[in-house]
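Right, one structure below, let's go through it.
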There are 2 protein chains.
Amino acid sequence: MRFQTFHHNGRQACGDCPIRHRAVCSRCDDDELALLDQAKFYRSFEAGQTIALSGERMDFVASVVSGIATLTQTLEDGRRQMVGLLLPSDFVGRPGRDHAAYDVTATTDVVMCCFRKARFETIMQDTPRIGQRLLEMTLDELDAAREWMLLLGRKTAREKIASLLVILARRDAALRAQGAATRASFDLPLTREAMADYLGLTLETVSRQISALKRDGVIGLVGTRRVDVPDMRRLIDEAGDDSDGGMPF
Amino acid sequence: MRFQTFHHNGRQACGDCPIRHRAVCSRCDDDELALLDQAKFYRSFEAGQTIALSGERMDFVASVVSGIATLTQTLEDGRRQMVGLLLPSDFVGRPGRDHAAYDVTATTDVVMCCFRKARFETIMQDTPRIGQRLLEMTLDELDAAREWMLLLGRKTAREKIASLLVILARRDAALRAQGAATRASFDLPLTREAMADYLGLTLETVSRQISALKRDGVIGLVGTRRVDVPDMRRLIDEAGDDSDGGMPF
DNA sequence: CGGCCTTTTTGATCCACGTCAATGCTGACA
DNA sequence: TGTCAGCATTGACGTGGATCAAAAAGGCCG
């Protein structure tokens, strides 16, 4: 097995390659993928910037190389719900279609690996392997979305916060190629408001629940953005999940 | 265009075929799919029955031929969240993997078209076209899931109910191959409890909001399970969506 | 260091929805 | 016809989280 899971939703990435691009990095697999290598180009975005995937003469399929971006949906009156976190190796932009009613925004500085949509489609035609990989990734994404639906529909504010922290802790551990430790410490890559948009809460509630978890000794805070988890087990319990970690970390 | 959209989440089905199985029906496409035809077999389930996709010597990938089934996730303490509605043409059971932490339950009597998982995988290998179709369907499903996340995270109870009714109305219209009408009338295929599980509400709230919509003249009820929508436009407004119908009905 | 801006925390209050409990409705069956 | 079992509705009440408002804590830059 040369692929390792490193993503909060179980998506697989190439473990050998610093880019960690399962479906894109040509170093990680057979010659078929060399095609992709020739077609790709890079773009970078600053934190806070909106990432436009379609414009005049520009329709992309892209995948994140580094940094974090978010996918957000908005109601007319301004209510916002984040529906996806784009982490390195994630794809965005639908190969076959024009759609995309999502805002894509860079949370940190982001580098994306882009393909012109039309070009990408022909490559997919010629290289079934790529389609298979995309299918795998999309199924993972779907599983993650469904887990998130459970969170949004049925969890309490406290459980929501705990769940998010667990996910971030796991992702952090995975990025640094560490196994499951009972103690963990990591930076929050999101503002309270972004967390709220993700969890279907208000930023005040997010802040209050984080304070509560701190007061109860479940987490410690260093400044406002760094979290220390003395006992991972305890945090996971707070998340209310049956999964003691479906993810193999 | 021989495929028509008929599903609430925009999934495409073969319009020429009564089975409406885009990815399964061999009549609807090139010879490649004949392979699938040989490998498939059918099973049927009664309303209320749990659909087991894996057991001793039985690992399926299956797709719904007729009837409605639901995908549900459960928390230890019994809180339930429905995460998917399986309608004719929908697939369930992950081709490549063993997972599936979902309850699959028949809502009405259901007929499913099944493939042994291993067999299905080899067919996919040999027939890239099938993989491409599954990718399309999965992407549609993902879009639907994301829309649902917006609903779960940010909509009020009344908006949730209205959204669900709009979806059911559209699906009904599509199944009967009718276009968008301003007046509509259809049966609810779900109990109040199932609606609650789907919307992240309690059954009491569902009942109350339906009563409220009726009181306000947005809908009419015939008995308890049949809904009459005098003005579709109005119901859609109640749903709070920006989309005046992203679906082309 | 001091001013300015953004993010975060905290408090007071409100209300949408959950909870608990009673009642009604419908259909199956003897 | 009565009884029973499942939905469904309705009411009374409590509460988790939203809302509104203000203070505190960081950056950032002169």
Side-chain angles (χ1 to χ4, degrees), chain A residues 46-49 70 75 77-81 105 107-108 151-165 187-216 219-227 238 240, chain B residues 46-49 70 75 77-81 105 107-108 151-165 187-216 219-227 238 240:
Chain A
E46 293 173 18
Q49 204 177 339
T70 60
L75 250 28
D77 61 4
R79 281 175 286 176
R80 294 163 61 77
Q81 175 64 51
T105 309
T107 296
T108 62
L151 177 146
L152 289 172
R154 296 300 186 191
K155 287 192 180 176
T156 65
R158 178 183 258 244
E159 289 169 337
K160 286 179 176 179
I161 298 286
S163 300
L164 181 56
L165 292 180
D187 283 315
L188 294 175
L190 303 169
T191 66
R192 299 290 187 262
E193 186 178 25
M195 293 173 73
D197 282 343
Y198 206 176
L199 299 171
L201 298 170
T202 58
L203 89 211
E204 293 97 326
T205 300
V206 170
S207 179
R208 264 187 259 271
Q209 295 299 333
I210 288 179
S211 297
L213 286 173
K214 181 184 174 187
R215 188 167 50 250
D216 299 346
I219 61 172
L221 286 182
V222 183
T224 175
R225 288 294 193 88
R226 188 159 189 88
V227 178
E238 291 281 354
Chain B
E46 291 174 20
Q49 204 177 341
T70 60
L75 251 27
D77 60 5
R79 282 174 286 176
R80 293 164 60 78
Q81 175 65 50
T105 309
T107 296
T108 62
L151 177 145
L152 289 172
R154 296 301 187 191
K155 287 192 180 176
T156 64
R158 177 184 259 244
E159 288 169 337
K160 286 179 176 181
I161 298 286
S163 300
L164 180 57
L165 292 179
D187 283 316
L188 294 176
L190 303 169
T191 66
R192 300 289 187 262
E193 186 177 26
M195 294 174 73
D197 281 343
Y198 206 175
L199 299 170
L201 297 170
T202 58
L203 92 211
E204 293 96 328
T205 300
V206 169
S207 180
R208 266 186 258 272
Q209 294 300 333
I210 288 179
S211 298
L213 286 172
K214 181 184 176 188
R215 190 166 48 249
D216 298 346
I219 62 173
L221 286 182
V222 183
T224 176
R225 288 295 193 89
R226 187 159 189 86
V227 177
E238 292 281 354

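For the numbers below, each heavy atom of this structure counts, side chains included, while hydrogens, waters and symmetry mates do not. Throughout, a chain's letter reflects where its sequence line sits, starting with A, and its residues are numbered from 1.
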Pair Glu159(B)-Arg79(A), side-chain contact (heavy atoms from CB on, under 4.5 Å): steps then yes or no: CA-CA 13 Å; Glu159(B) 288 169 337; Arg79(A) 281 175 286 176; 2.8 Å; yes
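- Considering only heavy atoms from C-beta on, Ile210(B) comes within 4.5 Å of Ile219(B) through its side chain.
- Here the C1' atom of nucleotide dC7(D) and the CE atom of Met195(B) are 13 Å apart, to the nearest Å.
- When the P atom of dG16(D) is taken as reference, atom CD1 of Ile161(A) falls 16 Å away, rounded to whole Å.
- Atom-to-atom, CG of Asp77(A) to C1' of dA18(D) comes out at 14 Å; the value is rounded to the nearest Å.
- The NZ atom of Lys155(B) sits 18 Å away from the C1' atom of dC17(C) (whole-angstrom rounding).
- Put simply, Arg225(A) has a side-chain N or O that comes within less than 4.0 Å of OP1 or OP2 on dT8(C).
- The phosphate of dC7(D) (OP1 or OP2) has no side-chain N or O of Thr224(B) nearer than 4.0 angstrom.
- At a cut-off of 3.5 angstrom, the base of dT10(D) holds no donor-acceptor pair with the side chain of Arg192(B).
- Atom P of nucleotide dG24(C) and atom CG of Leu221(B) are separated by 20 Å, given to the nearest angstrom.
- At a threshold of 4.0 angstrom between heavy atoms, the contacts of Leu201(A) are confined to the sugar-phosphate backbone, with no base atom among them.
- Atom CG of Leu190(A) and atom C1' of dT8(C) are 15 Å apart (whole Å).
- Within the 4.5 Å cutoff, the side chain of Leu152(B) has no heavy atoms near those of the Leu151(A) side chain.
- Put simply, Thr202(A) has no side-chain N or O that comes within less than 4.0 Å of OP1 or OP2 on dT19(D).
- Under 4.0 angstrom from either OP1 or OP2 of dT10(C) there lies no side-chain N or O belonging to Ser207(A).
- Place Arg158(B) and Gly223(A) on DNA chain C by their nearest nucleotides, and Gly223(A) ends up nearer the 5' end.
- Side-chain to base pairing of Glu204(B) with dC17(C): no donor and acceptor N or O lie closer than 3.5 Å to each other.
- With a 4.5 Å cut-off on side-chain heavy atoms, Arg225(A) and Thr191(A) count as touching.
- Side-chain N/O atoms of Thr205(B) include one lying less than 4.0 angstrom from OP1 or OP2 on dG18(C).
- As rounded to whole Å, 13 Å separates atom P of dC17(C) from atom CZ of Arg154(A).
- Using a 4.0 Å heavy-atom criterion, one finds that Gly48(B) contacts no nucleic acid atom at all.
- In this structure, Leu199(B) CG and Thr205(B) OG1 are separated by 10.5 Å, a value rounded to the nearest 0.5 Å.
- Side-chain N/O atoms of Arg208(A) and base N/O atoms of dT19(D) include a donor-acceptor pair closer than 3.5 Å.
- Leu188(A) places its CG atom 15 Å from the P atom of dT7(C), with the value rounded to the nearest Å.
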